[in-house]
2 protein chains.
Amino acid sequence: MRHNNPTGTVLYTIEQAIKEYRKIAQKNILQIVKDITIDQCLVLIILNNNAEISQNELANLVFKDNASITRMIELMVKKEYLIRTIHQEDRRKFNLEITEKGIKTIELIEPIIQLNRETALNGLSLEEITLLDKTLNKIIINCKK
Amino acid sequence: MRHNNPTGTVLYTIEQAIKEYRKIAQKNILQIVKDITIDQCLVLIILNNNAEISQNELANLVFKDNASITRMIELMVKKEYLIRTIHQEDRRKFNLEITEKGIKTIELIEPIIQLNRETALNGLSLEEITLLDKTLNKIIINCKK
DNA sequence: CAAATATAATTGATACATCAATATTAATTA
DNA sequence: TAATTAATATTGATGTATCAATTATATTTG
């Protein structure tokens, strides 16, 4: 079962696919909002749909390390996308609040992200996508145990 | 076509899958060879199968930026996996040669990599894998144009 | 042949990834 | 309640990703 790539495994194709997607996604977003990355966009959107979330939970949702999230939030606070305040009930935690600038940015980028996804998945049938998701989830489970 | 993840797109599952795979791959390799990363392993293996390759070509094969490759090679030369000398016919290029240590490392890690791939793809049928590859390639093409 | 253009690789800047160690606060247990 | 353990987040170290600008060498063109 060789594949048409230097390592001969589909795992390599997975990596290539996500890299190509990230490339166009970042490029298109940059044309609308200058100082943001796709990862920061994702954080904004997740926070928007999940208020009151902790950094830990956020990290899990976006599949990032705790350390990465800490640094991303630092940057996003500095760039005034987020406000971070100490959580009153549990002083180990923080509240993450989206600023006005953050909200405006979400409105700007959401259609772009939508478009990026449509571009990437253009011409794929529902079955193909469903099956893709199913197969990838098998791989994820295999790797987790 | 929503998926069971925070963004509701399979593109997210792709990212998750490759991240999980890289995690176990790196962990297993680290148990055998202390000072190497999966990316450096891949570079070693590609170089082993493609002598006389330029940094440019190497970058394309492993889907990395030229800048990334330059820095990886620097590190790998420092760690004595590679020797880099100026190309005689074209003085803009370099010859990349694998050291003894590099060869020994390849022999150590190749079975591990094989095992990692088998673990990740365990229980998947040939059809599933073929289809996965095919669908991913459609996405890659979509993103490239 | 000289000037312009193309190619190969490097460098700087910034962001994310991962691991291990640490600090702080909360919850559990002796 | 004091001591232990667990949970949350940070920090340091190292490696990779991407873009833009630059250097050095080759090739093409006028």
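No hydrogens, no waters, no symmetry mates; every other heavy atom, side chains included, goes into these values. Just so it is clear: chains get the letters A, B, ... in the order the sequence lines come, proteins before strands, and each one is counted from 1.
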Comparing A:I69 and B:M72 on DNA chain D - which has the more 5′ nearest nucleotide: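 The answer here is A:I69.
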
Pair A:N56-A:N60, side-chain hydrogen bond (donor to acceptor under 3.5 Å, both in side chains): steps then yes or no: CA-CA 6 Å; A:N56 258 334; A:N60 287 332; 5.8 Å; no

Could you tell me which non-hydrogen atom of [X] sits nearest to which non-hydrogen atom of [Y], and how far apart they are?
X: A:N95; Y: A:I86; answer: ND2-O, 3.3 Å
X: A:N116; Y: A:A25; answer: ND2-CA, 3.4 Å
X: A:I53; Y: A:N50; answer: CB-O, 3.3 Å
X: A:Q16; Y: B:K144; answer: NE2-NZ, 4.0 Å
X: B:Q26; Y: B:T37; answer: OE1-CA, 3.4 Å
X: A:Q55; Y: A:L96; answer: CG-CD1, 4.0 Å

Atom pairs and distances, donor-acceptor, side-chain atoms in residues 100-110 of chain A, under 3.5 Å, two or more places apart:
unit_1	atom_1	unit_2	atom_2	d
A:K101	NZ	A:D35	OD2	3.4
A:K101	NZ	A:K79	O	2.8
A:T105	OG1	A:K101	O	2.6

Within 6.0 angstrom of A:K34 NZ, more than 12 heavy atoms from elsewhere: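 Count over threshold, so yes.
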
[X] [atom1] to [N] [atom2], straight-line distance once rounded to whole Å:
X: A:I36; N: C:dT14; atom1: CD1; atom2: P; value: 17 Å
X: A:Q55; N: C:dT25; atom1: CD; atom2: P; value: 15 Å
X: B:I86; N: C:dA9; atom1: CD1; atom2: C1'; value: 12 Å
X: A:K34; N: C:dA15; atom1: NZ; atom2: P; value: 16 Å
X: A:D35; N: C:dA13; atom1: CG; atom2: C1'; value: 15 Å
X: B:I53; N: C:dA8; atom1: CD1; atom2: C1'; value: 14 Å

Side-chain donor/acceptor of A:T13 to backbone N/O of B:D133, under 3.5 Å: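 Answer holds: no.
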
B:E15 bridged to A:R22 by N-O distance under 4.0 Å: yes

Please tabulate, one pair per line, each protein N/O and nucleotide N/O from nucleotides 18-20 of chain C that are separated by under 3.5 Å, including the distance.
unit_1	atom_1	unit_2	atom_2	d
C:dT18	O4	A:R71	NH1	3.0

Considering only heavy atoms, which members of [range] lie under 4.0 Å from some atom of DNA chain C?
range: residues 137-145 of chain B; value: none
range: residues 88-117 of chain A; value: A:E89, A:D90, A:R91, A:R92
range: residues 73-85 of chain A; value: A:L75, A:K79

Is there a side-chain contact between [X] and [Y], using heavy atoms and a 4.5 Å cut-off?
X: B:K19; Y: A:K64; answer: yes
X: A:I45; Y: A:I113; answer: yes
X: A:L132; Y: B:L132; answer: yes
X: B:I98; Y: B:L82; answer: yes

Presence of B:S54 side-chain N/O under 4.0 Å of C:dA9 phosphate oxygens OP1/OP2: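 Answer is yes, contact under 4.0 Å.
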
Touch class at under 4.0 angstrom, heavy-atom based, for A:T70 against every strand present: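 Here A:T70 touches the bases of the nucleic acid.
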
5' to 3' contact window, DNA chain D with chain B (heavy-atom distance under 4.0 Å):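 So the outermost contacting nucleotides come out as D:dG15 to D:dA26.
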
Check against side chain to side chain contact (heavy atoms under 4.5 Å, CB included), B:L11 and A:R117: CA-CA 8 Å; B:L11 291 157; A:R117 291 174 181 167; 3.7 Å; yes

